[in-house]
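Everything below concerns the one structure shown next.
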Amino acid sequence: MNSIKISIPSLIENIKIVESFIDNAREKYPINEDIYGNIMISVTECVTNAIVHGNNMDGNKKVNLELHLDENQVEFIIMDEGKGFDYDHLVDPTAPENLEKTGGRGIFIMKHLADGIKFEDKGRKTILTFYM
């Protein structure tokens with residue numbers, strides 16, 4: 001299994017580093033073009049959530065990103081230093097009362113673009129899985 005890791009300060013402009021990390025992984029490993037867009041959207045959304053909601057944009061706190069790849073799947077592990085969240089009781093962004101809201105769709109999007117999503121450590125750790 002191949003793996004690479006980075007750690008970034010919780011500043012929203014560091015999303016560019018995450019995009020480069022994904023692009024570099026695609027150049028280094030045989031990540032299928034068909035899933036590349038889903039990976040880019042899901043992982044950047046997850047890291048954005050970790051920066052904004054998990055670490056409250058505190059530049060002294062880090063977001064760690066790991067990629068694990070084998071011939072069947074690629075897995076991204078995103079970890080923040082926040083207090084976590086209740087991932088079992090998320091608001092449904094498709095409910096009529098939530099359609100006009102500007103936020104609250106990130107996890108919904110990730111669930112639809114990734115082949116698997118798991119939350120661990122009280123929501124501080126997210127594992128996104130994409131099948132090759």
Side-chain angles (χ1 to χ4, degrees):
M1 177 178 283
N2 297 302
S3 69
I4 46 178
K5 301 177 184 183
I6 61 168
S7 183
I8 60 167
S10 292
L11 303 169
I12 203 69
E13 57 266 23
N14 288 336
I15 291 299
K16 288 181 177 31
I17 296 169
V18 174
E19 292 169 345
S20 294
F21 176 86
I22 295 166
D23 284 337
N24 291 337
R26 189 178 74 167
E27 289 172 14
K28 187 173 181 177
Y29 303 119
I31 294 175
N32 188 320
E33 186 68 34
D34 293 341
I35 63 169
Y36 167 75
N38 290 358
I39 289 171
M40 183 65 79
I41 293 167
S42 299
V43 174
T44 56
E45 180 62 39
C46 192
V47 172
T48 299
N49 282 354
I51 290 170
V52 174
H53 303 293
N55 291 341
N56 294 312
M57 295 195 285
D58 180 347
N60 295 313
K61 292 183 177 180
K62 304 278 187 226
V63 174
N64 297 307
L65 174 60
E66 298 177 23
L67 174 152
H68 299 279
L69 181 125
D70 63 30
E71 71 259 5
N72 299 318
Q73 67 182 28
V74 59
E75 194 174 72
F76 289 87
I77 301 168
I78 300 94
M79 294 169 283
D80 65 55
E81 298 178 11
K83 53 186 189 282
F85 70 101
D86 184 1
Y87 49 85
D88 286 324
H89 297 96
L90 297 171
V91 174
D92 178 3
T94 64
E97 65 273 13
N98 296 323
L99 292 176
E100 302 288 326
K101 292 183 179 174
T102 57
R105 293 175 183 81
I107 293 173
F108 178 82
I109 290 167
M110 286 183 262
K111 284 181 176 178
H112 284 81
L113 295 179
D115 293 305
I117 184 169
K118 268 194 314 193
F119 299 104
E120 296 179 356
D121 192 22
K122 298 180 182 174
R124 290 184 288 257
K125 178 177 182 179
T126 304
I127 302 164
L128 298 169
T129 304
F130 301 87
Y131 299 129
M132 304 291 268

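Count residues from 1 along the sequence. This structure is a prediction, so every number in the text was calculated from the model and none was measured.
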message: So does Y131 get a backbone contact from the side chain of D115, meaning a donor-acceptor N/O pair under 3.5 Å?
response: yes

statement: So salt bridge (charged side-chain N to carboxylate O under 4.0 Å, His left out) across residues 123-132, not counting sequence neighbours, yields E120-K125, D121-R124

- request: Please check if the side chain of N55 supplies one atom and the backbone of E81 the other of a donor-acceptor pair under 3.5 Å.
  value: yes

task: With side chain to side chain contact (heavy atoms under 4.5 Å, CB included) as the test, would you mind laying out the steps for T126 and N49 before giving the verdict?
output: CA-CA 10 Å; T126 304; N49 282 354; over 6 Å; no

message: For residues V63 and I6: do they belong to one hydrophobic cluster (side chain heavy atoms under 4.5 Å, members Ile, Leu, Val, Met, Phe, Trp, Tyr)?
response: yes

query: Would V52 end up clustered with F108 when hydrophobic side chains under 4.5 Å apart are linked, directly or stepwise?
result: no

query: Is there a side-chain contact between E19 and M40, using heavy atoms and a 4.5 Å cut-off?
result: yes

query: Less than 4.5 Å apart, any side-chain heavy atom of I15 and any of I51?
result: yes

query: Does the side chain of I8 come within less than 4.5 Å of L65's, by heavy atoms?
result: no

task: Please report the closest heavy-atom contact between A25 and L67, naming both atoms and the distance.
output: CB-CD1, 3.5 Å

Kindly list each side-chain donor-acceptor pair under 3.5 angstrom involving residues 68-77, sequence neighbours excluded, with atom names and distances?
| unit_1 | atom_1 | unit_2 | atom_2 | d |
| --- | --- | --- | --- | --- |
| H68 | NE2 | E66 | OE1 | 2.8 |
| D70 | OD1 | N72 | N | 2.8 |
| D70 | OD1 | Q73 | N | 2.9 |

Heavy-atom pair of closest approach, residues C46 and M110: CB-SD, 3.5 Å

message: I need the T44 OG1 to I78 CD1 distance, nearest 0.5 Å.
response: 10.0 Å

statement: For I109, the other hydrophobic cluster members (4.5 Å side-chain criterion, sorted by chain and number) are I41, L113

- request: Just say parallel, tilted or perpendicular for the rings of Y87 and F85, cut-offs at 30° and 60°.
  value: perpendicular

- line: Correct closest heavy-atom pair for L11 and G59 would be CD2-CA, 3.9 Å

field: Pairs touching residues 33-53 that satisfy salt bridge (charged side-chain N to carboxylate O under 4.0 Å, His left out), sequence neighbours left out
entry: R26-E33

- prompt: Are V18 and I35 grouped together when hydrophobic residues (ILVMFWY) are joined by side-chain heavy atoms under 4.5 angstrom apart?
  reply: yes

- prompt: Is S10 close to D80 at the side-chain level, that is, under 4.5 Å between some pair of heavy atoms?
  reply: no

- prompt: Any link between I107 and V91 through a network of hydrophobic side chains (Ile, Leu, Val, Met, Phe, Trp, Tyr) touching at under 4.5 Å?
  reply: no

message: Test: ring-ring contact (aromatic ring centres under 6.0 Å, His included). Region: residues 9-48. Which pairs qualify, not counting sequence neighbours?
response: none

statement: Residues passing the side chain to side chain donor-acceptor pair (under 3.5 Å) test with T48, sequence neighbours excluded, are none

- prompt: To the nearest 0.5 Å, how far apart are CD1 in I22 and CD1 in I39?
  reply: 7.5 Å

